[in-house]
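Hydrogens, waters and symmetry mates are skipped; everything else that's a heavy atom, side chains included, is used. Source: prediction; values computed, not measured. Heads up: numbering here begins at 1 and tracks the sequence.
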Amino acid sequence: MSFQTPDLSCLPQSVTVIDNQFSANGGGQSHGHIYPANGQVTAELQLANTGDVEGAVAAAQKAQSAWRATSGEQRRNLLLRLADLIERETKTLAMLDVIGNGVASMISAYTPVVAAQRFRYYAGWADKLRGQTLDAWNGPAHNYVNYEPFGVVGAIVPWNGPLFAAAMVLAPALAAGNCVVIKAPELAPYSVMRLGELFVEAGFPAGVVNTLAGGAEVGAAMVAHKGIDKIQFVGSGATAQKVLQSAATTLKPCGLELGGKSAVIVFADADLAEAGKRGLSGAMSVSGQGCVNGTRLLVERPIYDQYLATLKAIAEHIKIGDPLDPSTVMGPIISQASLQRIEGMIDRAQQSDARLLIGGGRLGGEYADGFYLPISIFADVDPSSEIAQREVFGPVLTVTPFDTEDQAIQLANDSDYGLGAYIHTKDLRRAHNVANQMQAGMVQVNASGEGMQPFAPFGGYKQSGFGRLGGEQGLLEFMQVKNVWINLDGYLTGALQQSLLTPAELREAALHFAVYGGWSRAAVLDRAITRVLQNLELTEEPFPPLGEATWEPEDRLSTGAKEFHHVMTFAGPPPATAYFQGGILNFVFGEMWHRPGLDQRSRRWVTLVGVADSSADSPIRTHIYGAMASGNASYQEMDEFVLQYAIHSGWPRASFVQGVVIEMAQKIKQGLTWDGKPKEDNNDE
Ligand code: NAD
């Protein structure tokens, strides 16, 4: 078998993209990128340096306010356009990852597809960002929460899946309105370099995305830079410690997606062939260099030997070799240094009680030029040994038997890491129970990788990191939370006392409450109004009591307050239903500003209709009919009533009521009763 030489004509030229300017050379050292399958240099790259970091951060800062001000629609469209370009370049981008880190082309073919999917998913969020309104229960206030971009996000991604990691970080960061400086990993820079160029082609404004191919020096400068507001780091725990130490000096928030040693629990009732296939494919993805690979197998004793035999048989048939050969499943390890580190771990495991079923040291012969290791499977592994506890980041699998469900759970959780956990069983109740007890950010049942979807949050427990990428949580990682409190006490009092505001403006206050806050807001306003009324002397005509409601004559409340409390009595004690609250609110405003006379009465009347009936439709018809037929409420007033309905009860209800108003108006015009009978036959409207 002879290995193919990759066609290097597709290599991207831009070591840096700063402010939408491409540059083939950064200010840093020369770095010969090596193709792991043959050990040959693919290109001498003059990497970025700290000076380039300065330029990139300055460009991002300059672009930030305008980018933040773009509409969600604009950001959505740009992200969608980028996704289209990624799809257009699927073959090239897949090839750039093959050349970059030696991943088998069979595997890398999917990466651009899932990267585009991420950008599309978060494009969908860009025009749906929203805040929250809180019930300020202890004061008349409008209290709300805004989610705002951090500003400039620094993204540092690893070599093992650079394009995918970049998409995981950049899609939510940009959708949220941040500008970005991203570092392409020096060991596999090409796909991210090309992505940087595609952002420009997609039409992203200058400075929004700045790409630097560089090494540790560039990453460290990004973390230390005051102009970067948040770091999202994807990489090893060892580097993450340095990142956190450095970030401490500027107190910079960091999201960390780190390594793992994910357990795979195979219960005796599992589909053995499926669990074997998934056990192996999940562990060997990208030659075992995947953060969330399930590399620590725990197998229930009754099937232990059979499962080992299944695993071994499958492993013997996995094709290792030329990444460019479409039938190759497993390519090389990333580098000579990595290979030696893994060999050291395999050697030490061999010296322990662990039993090597298959595999061992570096592959020679036709593989000798590349960094090739076979699949190694160790059985009877002591769960506390190095090979069972440390992330190998190579094609090495450990297998340990267990006897009970509790023991499986204990063994699975006996790890410093907590990225993924996999469970194979046909018992769904057990699946839920064990999933519930896993100390891991992602649990998959009878699956091996398909759970990493754009809509699903992904991230680690324990030393596998913190923060989440994916889903809504992934978006919120790139937004800061701002709470706003607007005191409305003086506003209301002043409005009533000094006529500083017009009735329409005061109505608007209520409208804000209801529109922005829904009913909890309106309830707050009720309380505010009660308080205000208690403190004011309003000179108004006494209002005749309604129904069975009463108030105490010695009550110090003003007429307006009495009316208000009267309706409260009518509506029922607080907490009244939202609908009642709506009626009350409407009533108070209607009464206070539109009196005296028919208008006022009809307004109160139609409001009470709403208060009295929130569900049955016929009474609403009769009341509306009555209000209009008697001349107590004009058509225009009823229209306004509908608007109030919308504010208080939401649009679906309002459109229903509007339909009733129109229907009743037609009935009146046609001389019919509310239920469509000739008027002379039925006078009980
Ligand atoms: P690494 O930590 O060596 O490097 C990651 C990135 O950090 C690289 O771009 C590197 O140049 C940069 N870097 C190095 N020193 C730095 C410093 N002092 N300051 C800032 N940046 C610095 O990791 P790696 O070997 O590239 O990747 C493998 C590791 O990444 C594994 O542990 C793997 O499990 C983990 N990983 C995690 C995820 C995840 O989503 N959880 C995904 C992929 C890989």
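No side-chain donor from either of Tyr35 and Asp369 sits under 3.5 Å from a side-chain acceptor of the other. Side-chain atoms of Gln410 and Asp406 include no donor-acceptor pair closer than 3.5 Å. There is a side-chain donor-acceptor pair under 3.5 Å between Ser327 and Lys319. Side-chain polar atoms of Thr111 and Ser108 form no donor-acceptor pair below 3.5 angstrom. At a cut-off of 3.5 Å, with distance as the only test, no side-chain donor of Thr295 or Asn293 sits close to an acceptor on the other residue.
Ala354 approaches Phe378 most closely through the heavy-atom pair CB-CD2, 3.9 Å. Scanning both residues, Leu79 and Ala123, for their nearest heavy atoms gives CB-CB, 3.7 Å. For Gly237 against Leu258, the heavy-atom pair with the smallest separation is CA-CD1, 4.1 Å. Residue Met222 comes nearest to Ile156 through the heavy atom pair CE-CG1, 4.0 Å, listed as atom of the first residue, atom of the second, then distance. The minimum heavy-atom distance between Ala431 and Val445, with the atom names listed, is CB-CG1, 3.8 Å. Residues Met330 and Leu373 share a closest heavy-atom pair of CE-O, 3.7 Å.
With Tyr304 as the partner, the side-chain contact (heavy atoms from CB on, under 4.5 Å) test is satisfied by one option alone out of Asp403, Asp380, Leu298: Asp380.
Side-chain N or O atoms of Gln389 include one that pairs as donor or acceptor with a backbone N or O of Pro383 at under 3.5 Å. Using modelled atom types, no side-chain atom of Ser448 and backbone atom of Gly282 make a donor-acceptor pair closer than 3.5 Å. The closest donor-acceptor contact from the side chain of Asp269 to the backbone of Asp427 lies under 3.5 Å. At distances below 3.5 Å, at least one donor-acceptor pair connects side-chain atoms of Gln232 with backbone N or O atoms of Gly255. Checked by atom type and distance alone, the side chain of Tyr372 pairs as donor or acceptor with a backbone atom of Gly321 at under 3.5 Å. With hydrogens and angles ignored, the 3.5 Å screen pairs a side-chain donor or acceptor of Tyr122 with a backbone N or O of Gly470. Side chain of Arg468 to backbone of Gly474: no donor-acceptor contact under 3.5 angstrom is found. The backbone N or O of Trp159 lies less than 3.5 Å from a partner atom in the side chain of Asn101, making a donor-acceptor pair. No side-chain donor-acceptor contact under 3.5 Å links Lys230 to the backbone of Phe478. Distance alone, capped at 3.5 Å, is enough to place a donor-acceptor pair between the Lys183 side chain and the Gly214 backbone.
Met106 places none of its side-chain heavy atoms less than 4.5 Å from the side chain of Thr328. Contact check for Val434 versus Ile265: side-chain heavy atoms found under the 4.5 Å cut-off. Taking 4.5 Å as the limit, some side-chain heavy atom of Leu397 sits within range of a side-chain heavy atom of Leu280. Between Glu89 and Leu198, the closest side-chain pair of non-hydrogen atoms falls below 4.5 Å. Side-chain atoms of Gln117 and Arg120, non-hydrogen and from C-beta on, never get closer than 4.5 Å to each other. Put simply, the side chain of Leu195 does not reach to within 4.5 Å of the side chain of Thr211, judged on heavy atoms. Contact annotation: the side chain of Pro374 never approaches that of Ile358 to less than 4.5 Å [non-hydrogen atoms, C-beta and beyond]. Counting heavy atoms from C-beta outward, Leu324 and Met95 have side chains that approach closer than 4.5 Å.
Here the straight-line distance linking atom CZ of Arg278 with atom CD1 of Ile314 works out to 11.5 Å at 0.5 Å rounding. Taken from CD in Gln350 to CG in Leu356, the straight-line distance is 5.0 Å, to the nearest 0.5 Å. Atom OH of Tyr422 sits about 12.0 Å away from atom CZ of Arg296, to the nearest 0.5 Å. Between the CD1 atom in Ile387 and the NZ atom in Lys261 there is a gap of 6.0 Å [rounded to 0.5 Å]. Interatomic distance, CZ of Phe164 versus OH of Tyr110, reported as 14.5 Å (0.5 Å rounding). Atom-to-atom distance recorded for Lys312:NZ and His317:NE2 is 11.0 Å, nearest 0.5 angstrom.
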Check against side chain to side chain contact (heavy atoms under 4.5 Å, CB included), Met479 and Leu129: CA-CA 10 Å; Met479 305 187 99; Leu129 303 180; 3.8 Å; yes

Applying side chain to side chain contact (heavy atoms under 4.5 Å, CB included) to Tyr417 and Arg390, what does each step give before you reach the verdict? CA-CA 9 Å; Tyr417 300 105; Arg390 299 264 56 86; 3.4 Å; yes

Please step through side-chain hydrogen bond (donor to acceptor under 3.5 Å, both in side chains) for the pair Gln437 and Asn433, ending with a clear verdict. CA-CA 7 Å; Gln437 299 198 55; Asn433 175 45; 3.0 Å; yes

Applying side chain to side chain contact (heavy atoms under 4.5 Å, CB included), run through Val243 and Phe233 and close with a yes or a no. CA-CA 8 Å; Val243 167; Phe233 174 82; 4.0 Å; yes

Evaluation steps, side chain to side chain contact (heavy atoms under 4.5 Å, CB included), between Phe458 and Gln453: CA-CA 9 Å; Phe458 175 74; Gln453 297 292 334; over 6 Å; no

Walk me through whether Glu472 and Lys128 qualify under salt bridge (Lys or Arg N to Asp or Glu O under 4.0 Å). CA-CA 11 Å; Glu472 187 175 5; Lys128 296 172 192 67; over 6 Å; no

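Applying the 6.0 Å contact sphere to NZ of Lys462 captures more than 12 heavy atoms from other residues, nucleotides or ligands.
Salt bridge annotation for Lys426-Glu274: absent, with no cationic side-chain nitrogen under 4.0 angstrom from a carboxylate oxygen. Salt-bridge annotation for Arg429 and Glu405: absent, with no side-chain N of the basic residue lying under 4.0 Å from a carboxylate O of the acidic one.
Stacking of Arg430 on the aromatic ring of Phe267 is recorded, both the 6.0 Å distance cut-off and the 45° axial limit being met.
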